[in-house]
Amino acid sequence: MTKTALTFQQYFSLDDDACIAKIHELKKQLGNELFILGHYYQRDEVYQFADVTGDSLQLSFSAAKTDAKYIVFCGVHFMAEVADILTRPNQAVILPDLAAGCSMADMANLRAVQQCWDDLSTVIDPDVSVTPVTYVNSAADLKAFCGDHGGTLCTSSNAGPVVSWALGQREKILFFPDQHLGRNTAYALGIPLSDMAVWDYKKPMGGLTPDQIRQAKVLLWDGYCSVHQRFKGEHVDAYLAKYPDAQVIAHPEACFEVCQKAHHVGSTSYIIEKIKESAPGTRWLVATELNLVNRLQEQFRAENKVVEFMAPTVCMCSTMFRTDPQHLLWVLDNLAHGNIVNRVQVPAKIAESARHALSRMFDITQASTKAN
Ligand code: 13P
Ligand code: SF4
């Protein structure tokens with residue numbers, strides 16, 4: 001362990017080009033000991049360094065497979081937690097900026113979910129009649145909660161089979177924190193909106209009456225993604241009025257109206273695949289994060305495909321954006337000097353219960369892939 005030549009502050013006075021040149025050198029120097037994971041929403045200056053890129057499900061699989069000693073996660077905090085849960089204790093998972101969180105994940109916490117469970121138990125027995133399902137965009141202790149209560153988690157790639165499995169276990173599900181993913185997924189499985197109720201976690205009993213709780217098949221936590229909620233039905237209408245032959249594609253974190261109006265709805269990897277396999281000349285309106293949409297625009301320009309962002313104002317994920325070349329350089333330079341900085345470590349007991357939830361999710365995903 002030796003001190004780096006620069007102080008923490010000095011990395012942030014370097015410009016992007018200087019950082020990028022140094023990161024190339026450090027990647028070479030660290031060789032196989034280092035594995036960088038990059039989510040599709042990362043900015044290009046950082047994304048270029050990823051050994052593997054993907055959506056959150058693909059990145060979980062990649063984290064579980066690597067033998068590298070240092071796993072640097074260019075993504076957000078809950079993703080690094082999943083990587084830590086799936087790797088061995090002698091592997092260190094590092095998040096270049098610990099403030100890279102997810103505002104949606106922050107809309108649910110263990111205290112509020114436990115309160116919800118306690119409130120539900122005054123009306124029904126939730127351990128008998130409710131399967132808890134958390135979106136991967138949530139803290140590790142919520143995944144542990146699901147693991148301990150017969151539930152699981154999902155990503156936007158496997159939400160359909162997971163919700164279908166959960167409804168097969170018990171008569172109701174509690175889906176948190178993203179109400180939109182829960183609603184869009186359950187509706188696509190044939191559950192009418194009248195069988196769904198929103199649990200307002202800021203109100204006693206979620207703002208619901210005992211009858212509303214008894215009647216609901218799907219209880220949707222009142223959380224949302226501030227990026228994806230910017231897309232509106234009127235954006236789709238205006239675009240299709242101008243370009244009637246365009247295809248509209250949305251991430252399922254977008255609201256019900258947008259997803260109903262879209263021709264296709266799916267995860268980030270689904271969006272990439274759909275645009276990739278479309279005929280040359282196809283025009284696309286896309287409802288997901290701006291860095292990914294800009295990259296697709298560039299990537300498919302040569303095939304004459306037009307890829308446009310749905311909202312009229314810029315909306316990138318500000319927490320994904322926090323991972324910049326300066327932070328990446330700082331963590332890599334420290335690794336090259338034998339210092340592990342910004343390690344994300346989930347306490348063992350939470351990790352064990354969360355692993356149950358994750359392994360259920362992997363089993364459900366694999367079973368549904370085989371069946372299709
Ligand atoms: P994916 O699961 O599609 O990667 O999405 C993660 C996310 O945070 C979307 O906002
Ligand atoms: Fe969270 Fe939304 Fe950012 Fe995804 S885009 S990480 S859900 S804030």
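Every number for a ligand or one of its atoms is a count from 1 in the order of the listing. We're numbering straight along the sequence, starting at 1. Bear in mind that the values here come from a model prediction, so they are computed numbers and not experimental data.
- Although no hydrogens or angles enter the test, the distance criterion places a donor-acceptor pair under 3.5 Å between the side chain of Arg360 and the main chain of Gly151.
- Between Cys225 and ligand 1 there is no heavy-atom distance shorter than 4.0 Å.
- Between Phe309 and Phe231, the ring-plane angle classifies as perpendicular under the 30° and 60° cut-offs.
- Closest protein heavy atom to atom 4 (Fe) of ligand 2: Asn137 ND2, 3.9 Å.
- In this structure, the protein non-hydrogen atom closest to atom 2 (O) of ligand 1 is Ser56 OG, 2.6 Å.
- Taking the six-membered ring for Trp and thresholds of 30 and 60 degrees, Trp330 and Phe8 have ring planes more than 60 degrees apart, a perpendicular arrangement.
- Looking at atom 1 (Fe) of ligand 2, its nearest protein heavy atom turns out to be Cys102 SG, 2.4 Å.
- Considering His39, Met104, Met79, Glu289 only, the shortest heavy-atom separation from atom 4 (O) of ligand 1 involves His39.
- The nearest N, O or S atom of Cys317 is closer to atom 3 (Fe) of ligand 2 than 2.8 Å.
- Ion pairing of Lys203 with Asp200 is present here, as a side-chain N (NZ or NE/NH1/NH2) and a carboxylate O approach within less than 4.0 Å.
- Here the side chain of Lys172 pairs a donor or acceptor atom with the backbone of Arg214 at under 3.5 angstrom.
- For the ligand labelled ligand 1, residue Tyr40 lies outside the 4.0 Å heavy-atom shell.
- The existence of a salt bridge linking Arg43 and Glu45 is confirmed by a sub-4.0 Å separation between a basic side-chain nitrogen and an acidic carboxylate oxygen.
- Taking a cut-off of under 4.0 Å to the non-hydrogen atoms of Tyr41, the atoms of ligand 1 that pass are 7 (C), 9 (C), 10 (O).
- Between Glu253 and ligand 1, a contact under 3.5 Å exists for at least one N or O pair.
- Ion pairing between a basic and an acidic side chain is recognised when a charged N comes within 4.0 Å of a carboxylate O; Asp245 and Arg283 show no such pairing.
- Ring geometry, Trp221 versus Tyr201: the interplanar angle falls under 30°, so the pair is classed parallel (tilted spans 30 to 60°).
- Ring geometry, His264 versus Tyr270: the interplanar angle falls from 30° to 60°, so the pair is classed tilted.
- At least one N or O atom of Asn137, backbone or side chain, sits closer than 3.5 Å to an N or O atom of ligand 1.
- Among protein heavy atoms, the minimum distance from atom 1 (P) of ligand 1 is reached at Ser156 OG, 3.4 Å.
- The atoms of ligand 2 that sit less than 4.0 Å from any heavy atom of Tyr41 are 5 (S).
- In Glu253, the part holding a heavy atom less than 4.0 Å from any atom of ligand 2 is the side chain.
- The main-chain N or O of Ser138 is found under 3.5 Å from a side-chain atom of Lys143 such that the two form a donor-acceptor pair.
- The atoms of ligand 2 that sit less than 4.0 Å from any heavy atom of Ser103 are 8 (S).
- Of the protein's non-hydrogen atoms, the one nearest atom 5 (O) of ligand 1 is His251 NE2, 3.5 Å.
- Across Cys225, Gly101, Ala100, Gly223, heavy-atom proximity to atom 2 (Fe) of ligand 2 is greatest for Cys225.
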